[in-house]
Amino acid sequence: MSDSLDLGEPPQPKGAAYRVLARKYRPQTFRELIGQDAMVTTLGNAIRRDRLAHAFLLTGVRGVGKTSTARLIAKALNCIGPDGNGGPTIDPCGVCEPCRAIAEGRHIDVIEMDAASHTGIDDIREIIEASRYAAVSARYKIYIIDEVHMLSKAAFNGLLKTLEEPPGHVKFLFATTEVNKVPVTVLSRCQRFDLKRIPAELLAAHFAEVARAEGVEAEGDALALVARAAEGSARDGLSILDQAIAHAGIEGGAVTADAVRDMLGLSDRGAIRTLFGKLLEGDAAGVLANLRQQYDLGVDPTAVLNTLLETVHGATLIKIGADLSAAGQAAEERAALAEWATALSFPALHRLWQLLLKGHDEVARAALPIETAEMALLRVIHAASLPDPGELARQIATGGVPAPAAGQGVPAPTPAPAAPAAAAAEPALPASLRDVHTLLDASDRMRLAVDVWHRLRVVSFDFPQIILSNLAPLPAELPKELASELRALTGKTWKVTLSPTPGDPTLAEQSAAAEEAARAAVLATPMVAAALAAFPNAELKQFKLAGGNQA
């Protein structure tokens, strides 16, 4: 009995290597190229009219389809159709030998070169020499140079003459993410196409189709998160989706919004809405607790500030009338943004943006990110009651700066015993709507002063409450804006509410009525009546009352 050696099981044949989604779903036709309709239309018209440029420059951010578009153009120019008798077309068949060879990257007449690793004049000299010879089997010999901006100055100069007057059988296709680094002499010799960032809604729809093709269940909110994280790049989004599918597991698990949020380290939108609401309420303890809760769950403080900035931006867009229904946002988020847009004035939104932007920059470069984020949000809360710089300058100029509240700010210095400072008289509060108009007019709040003069009808005026009639529709933000300006100007908290009760006439109506009464009184005086009787065609143009008022 001979000894035998146990070698175990025979080697099993290996399966096909996995192709990542970004490669597997690379567009093979112009119809599959999303978000670039203007470029496809231009190319289609040029092909149909036989007005093809000899050089194309494709530029745009990473992942929008520059190299894929270059390959599609190569297929469109060299397609011969299923029967072998076709010509250039914007809809290449994809089944003829040139189409299949170009798609597989093996066509001898379609040469791709990465300028990042072939930057010198010698590489370009090879292209120039080879371009003199006719194509071997294709209609056009096509050179695709990716990241063309990385060519050296000598390489660009060597390419210029051939690029300006290439042989009729040669087409150049350049792709770059930094078109500003391409010499103007090259740009002027190319037909340029700027590929746009792909809108988030188009990306989300594309990712939904990919998920269905892969047999993966994915929530709409999860795909919307992936689309927003992709920042307009289909390739980046497919890479994130690939990771999200792997994160969901191999047991047919669904790709959920919570899983994507955890994977990307994004802030929970609901938690951010709660945090933003507490910021507006001035709830410092609640803000810090909410921030720490998100931090303990692994959310980066920079991501929290970033999402708060997105919230302010969204509320501002809604306030100016923009429609965010197609931005991949949940209904409850749009409702919350609409509520904040109504409650906050434009100055308040702009101030929030500046404070959060400053906090974001500080957190991004801080040695203690979470502590810096806490201090930044506390600054937002405490700065909410401060006047804007212009109002503060006016208060300083007029000596009307309100004293800091107890426990806030720097304590005022104790006056010297030899020269005690006289207590400044507290400025009188406005006692009527006319006083409010005078105060606003003197403080250069011209737009608000005009609204107060022409639109407001007072039902009740008793500090700190002002009740206005809303029988005639008023702008939704006007009461809150008026209360905010009065607080800034007087240092007191005011409450402005609306009531369906008819109010007093507007100040403009009162002024017009007073002027008409004064005119009637002047016309009734014996001297004016006698003058008008003597001169029947005369009319009263201007008069001056004894008090000095002129009308």
Side-chain angles (χ1 to χ4, degrees), residues 22-60 63-113 127 130-131 133-146 148 162-163 165-176 189-196 198 202 205-206 209-210 213 234-235 238:
R23 291 187 59 196
K24 186 176 180 180
Y25 292 96
R26 173 170 277 175
Q28 299 300 317
T29 67
F30 282 104
R31 288 189 300 273
E32 297 175 7
L33 191 65
I34 58 176
Q36 313 299 339
D37 296 342
M39 181 197 68
V40 173
T41 300
T42 304
L43 281 174
N45 292 337
I47 291 174
R48 280 188 289 270
R49 298 177 182 178
D50 195 23
R51 299 179 64 88
L52 290 168
H54 56 269
F56 298 89
L57 177 69
L58 307 171
T59 179
V64 293
K66 298 183 296 298
T67 306
S68 296
T69 300
R71 292 175 181 171
L72 290 177
I73 294 175
K75 289 168 66 174
L77 297 183
N78 285 323
C79 177
I80 59 175
D83 58 359
N85 297 318
T89 173
I90 194 65
D91 294 312
C93 65
V95 297
C96 66
E97 176 56 25
C99 283
R100 288 189 289 108
I102 292 172
E104 295 169 8
R106 57 179 176 81
H107 200 294
I108 192 172
D109 292 318
V110 178
I111 301 96
E112 292 192 33
M113 187 184 89
I127 292 178
S131 67
Y133 302 101
V136 176
S137 61
R139 186 178 296 113
Y140 293 104
K141 179 178 284 188
I142 294 177
Y143 292 94
I144 299 175
I145 303 181
D146 199 11
V148 69
T162 302
L163 187 61
E165 298 178 0
H169 60 272
V170 173
K171 302 290 183 185
F172 289 98
L173 303 176
F174 302 139
T176 179
R189 291 166 167 83
C190 299
Q191 189 172 99
R192 172 174 168 176
F193 290 104
D194 289 82
L195 277 68
K196 303 175 182 176
I198 306 171
L202 289 182
H206 178 58
E209 294 178 2
V210 171
R235 184 177 63 224
L238 287 172

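The first residue of the sequence shown is numbered 1, and numbering continues consecutively from there. Quick caveat, the model's predicted, so the values are computed rather than measured.
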With rounding to the nearest 0.5 angstrom, report the NE2 to CZ distance, His54 to Arg189. 8.5 Å

Would you find a donor on one side and an acceptor on the other, under 3.5 Å apart, between the side chain of Lys75 and the backbone of Ile102? no

Hey, does Ile111 have a side-chain heavy atom less than 4.5 Å from the side chain of Lys141? yes

Going by heavy atoms in the side chains, are Arg139 and Ile80 under 4.5 Å from each other? yes

How far does CG of Leu72 sit from CG of Leu173, to the nearest 0.5 angstrom? 10.5 Å

Answer yes or no: is there a donor N or O on one side and an acceptor on the other, between the side chain of Glu165 and the main chain of Leu163, under 3.5 Å? no

Rounded distance (nearest 0.5 Å) linking atom CD of Glu209 with atom CD1 of Ile34: 8.5 Å

Short question: side chain of Asn78, backbone of Tyr140 - any donor-acceptor pair under 3.5 Å? yes

Roughly how far apart are Thr69 OG1 and Leu195 CG, rounded to 0.5 Å? 5.0 Å

Non-hydrogen side-chain atoms of Leu57 and Thr176 separated by less than 4.5 Å: yes

Nearest heavy atoms of Ala234 and Ile198, plus distance in Å: CB-CD1, 3.7 Å

For Asp146 and Lys66: C-alpha separation, side-chain torsions, deciding distance, then whether salt bridge (charged side-chain N to carboxylate O under 4.0 Å, His left out) applies. CA-CA 9 Å; Asp146 199 11; Lys66 298 183 296 298; over 6 Å; no

Any chance you could measure Leu43, atom CG, to Leu33, atom CG, to the nearest 0.5 Å? 9.5 Å

Under the 3.5 angstrom rule, does the side chain of Asp109 hit a backbone N or O of Ala138 as a donor-acceptor pair? yes

Just by distance, do the side chain of Lys171 and the backbone of Ala53 share a donor-acceptor pair under 3.5 Å? yes

Closest non-hydrogen contact found for Pro92 with Cys99 is CB-SG, 3.8 Å

Measure the spacing between CD1 of Ile47 and CD1 of Ile73 and express it to the nearest 0.5 Å. 7.5 Å

Given the rule in the side chain to side chain contact (heavy atoms under 4.5 Å, CB included) test, do Val210 and Lys24 qualify, once you have shown the distances and angles that lead to the verdict? CA-CA 10 Å; Val210 171; Lys24 186 176 180 180; over 6 Å; no

I'd like to know if the side chain of His169 reaches the main chain of Ser131, judged simply by a donor and an acceptor atom lying under 3.5 Å from each other, with no hydrogens or angles considered. yes

Indicate the atoms forming the closest heavy-atom contact of Cys79 with Cys93, along with that distance. SG-N, 3.4 Å

Sub-4.5 Å side-chain heavy-atom contact between Val110 and Arg71: no

CA sep, side-chain torsions, deciding dist, call: Lys196, Asp194, salt bridge (charged side-chain N to carboxylate O under 4.0 Å, His left out): CA-CA 6 Å; Lys196 303 175 182 176; Asp194 289 82; over 6 Å; no

For the residue pair Arg31 and Asp91, establish whether any side-chain heavy-atom pair is separated by less than 4.5 Å. yes

Exceeds 12 heavy-atom contacts within 6.0 angstrom, atom CZ of Arg106: yes

Which atom of Arg26 lies closest to which atom of Gln28, heavy atoms considered: O-NE2, 3.1 Å

